[in-house]
Amino acid sequence: MVKQAVSKTGPSVSQDKHITFDVPLALGITLNSGQAFRWQLIDHWYYGLIGDVLVRLRQDESGVKYASTETHGKDIAFLIWHYLGLCDDLDEVYQRINTDDRIAGAILHYRGLRLLRQDPWECLIAFICSATSNIPRISATMEALAKNYGHPLELDGYVRHTFPTPYELSSGTEADLRRLGLGFRAKYVAWAAHMVRIGELDLSSLYGVPYADALGALMECPGVGHKVADCVLLFSLNRSEAFPIDRHIWRNLQNWYLDGHKLSYTNVLEWAWERFGRWAGYANQYLFYQQRQEGKKNLEGGGG
DNA sequence: ACCATACCTCTCTC
DNA sequence: AGAGAGAGGTATG
């Protein structure tokens with residue numbers, strides 16, 4: 001008997017395209033390394049938004065396959081290339097940050113993990129929402145904001161919402177945002193939306209200005225401290241020297257490298273710059289990802 | 001300058 | 001299954 005060929009996909013499925021390159025990339029690890037919160041893996045495709053374009057991505061031997069919604073003339077291949085940070089020379093990065101066995105192990109296991117170039121506005125809100133939270137909750141929060149204040153896009157029958165602009169998000173009051181489950185972060189999100197909308201914080205002006213100036217500008221936002229500002233600098237503003245120090249990284253650096261000494265945030269930062277130089281942010285991301293994977297492993301081991 | 005504490009409520013765990 | 005801890009931080013005393 002011959003099996004009947006039945007198309008499982010709906011009508012008008014987008015044509016897959018392809019970007020070819022020969023630099024290291026670990027797409028799945030990169031999209032799930034805690035930098036971005038809206039990528040969803042469905043049927044072996046990563047669905048998510050890059051700006052106002054809904055895309056699906058899938059890595060193969062020679063690069064990345066993709067399909068997307070209308071791009072309004074934008075070069076989608078370049079958009080993806082840029083978003084994934086494929087222009088960073090990872091060989092140069094590895095050479096500079098590979099200072100010890102621990103980092104060497106992380107590079108070995110997670111080769112191709114990259115720092116993304118996200119939209120600074122979305123990144124700012126995501127990390128304001130990250131305070132005393134966890135990844136599932138941050139993701140849920142970002143989806144709630146998108147569904148309530150963004151607009152829908154459809155790709156092959158699959159619908160996702162854009163992340164709202166500062167103007168769109170400004171239509172929500174603090175009380176509205178609390179109803180979405182933001183908790184004490186609601187006030188900070190509303191405030192940030194207001195500041196960006198009226199131009200008191202101009203995120204696009206922060207590319208390429210001195211680190212300390214960009215940091216200071218971000219920290220003008222209530223609810224944005226040094227750590228959140230470093231996340232925005234590293235994951236969206238292309239500042240590879242930014243080195244976000246959360247409680248876990250702090251404790252681990254203290255044990256692994258600092259002989260148990262408790263240094264202030266600024267002192268740890270200066271230590272990181274001295275050790276890892278201008279690619280310190282990559283060292284941070286590899287150590288962060290490694291510590292998270294080891295945490296998962298320990299949980300599995302305990303369960304049998 | 002440093003340290004403790006409150007802040008919302010969701011998620012994971014036992 | 002339901003209660004209790006803890007959560008990628010920041011602002012405030």
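All chains are named by letter (A, B, ...) in the order of the sequence lines, taking the proteins before the strands, and each is independently numbered beginning at 1. No experiment lies behind these values; they were computed from the predicted model shown.
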A:Tyr47: what forms a ring pair (Phe, Tyr, Trp, His ring centres under 6.0 Å) with it, not counting sequence neighbours?
-> A:Tyr158
Looking at residues at least two apart in the chain, or sitting in another chain, which of them share a side-chain contact (heavy atoms from CB on, under 4.5 Å) with A:Asn32?
-> A:Tyr46
Given atom CG of A:Leu177 and atom P of B:dC10, what is their separation to the nearest angstrom?
-> 14 Å
Which value, in whole Å, describes the distance between the P atoms of nucleotides B:dC8 and C:dA3?
-> 24 Å
Going by atom types alone, do A:Asp52 and A:Thr162 pair a side-chain donor with an acceptor below 3.5 Å?
-> no
Of A:Lys187 and A:Asn134, whose nearest nucleotide on DNA chain B comes first from the 5' end?
-> A:Lys187
Check the angle between the aromatic planes of A:Trp271 and A:Tyr257 and answer parallel, tilted or perpendicular using the 30° and 60° thresholds.
-> tilted
Does CG belonging to A:Asp60 count more than 12 external heavy atoms closer than 6.0 Å?
-> yes
Checking ring pair (Phe, Tyr, Trp, His ring centres under 6.0 Å) against A:Tyr110, which of A:Phe288, A:Tyr289, A:Tyr286, A:Tyr282 comes through?
-> A:Tyr289
How is A:Gly225 classified with respect to the nucleic acid when contacts are heavy atoms under 4.0 Å: base, sugar-phosphate, or nothing?
-> sugar-phosphate
Within the structure shown, what part of the strands sits under 4.0 Å from A:Ile128 by heavy-atom distance: base, sugar-phosphate, or nothing?
-> nothing
With no hydrogens and no angle check, is any side-chain donor or acceptor of A:Asn267 less than 3.5 Å from a backbone partner on A:Glu270?
-> no
First and last nucleotide of DNA chain C, 5' to 3', lying under 4.0 Å from heavy atoms of chain A | C:dA7 to C:dA11
Measure centre to centre between the rings of A:Tyr149 and A:Tyr167, then say whether the value is under 6.0 Å.
-> no
Could you give the CZ-to-C1' distance, from A:Arg292 to B:dC12, as a whole number of Å?
-> 15 Å
Which dot-bracket string describes DNA chain C (Watson-Crick N1-N3 plus N6-O4 or O6-N4, or G-U N1-O2 and O6-N3, all under 3.5 Å; [ ] crossing; | other strand)?
-> .||||||.|||||
Any residue of residues 233-271 of chain A with a heavy atom less than 4.0 Å from an atom of DNA chain C = A:Asp246, A:Arg247, A:His248
Spell out, as yes or no, whether a donor-acceptor pair under 3.5 Å connects the side chain of A:Arg251 to the backbone of A:His248.
-> no
If we take the P atom in both C:dG8 and B:dC3, what is their distance in whole Å?
-> 23 Å
Give A:Arg185 one of three labels, base, sugar-phosphate or nothing, depending on what nucleic acid heavy atoms sit under 4.0 Å from its own.
-> base
May I ask you to say what A:Tyr188 touches in the nucleic acid, namely base, sugar-phosphate or nothing, with a heavy-atom cut-off under 4.0 Å?
-> sugar-phosphate
Between the side-chain atoms of A:Arg137 and the base atoms of B:dC12, is any donor-acceptor pair under 3.5 Å?
-> no
Under 4.0 Å between any heavy atoms, over every strand shown, what does A:Thr132 touch: base, sugar-phosphate, or nothing? Just pick one.
-> base
Partner of A:Asp16 under side-chain hydrogen bond (donor to acceptor under 3.5 Å, both in side chains), chosen from A:Lys65, A:Arg56, A:Arg58 = A:Arg56
A:Arg160 bridged to A:Glu154 by N-O distance under 4.0 Å | no
Distance in angstrom units between A:Leu182 CG and B:dC7 P, rounded = 18 Å
According to the ring-ring contact (aromatic ring centres under 6.0 Å, His included) rule, which pairs have a member within residues 169-214 of chain A, sequence neighbours left out?
-> A:Tyr211-A:Trp273
Residue met sooner reading DNA chain C from 5', once A:Cys221 and A:Cys231 are mapped to nucleotides | A:Cys231
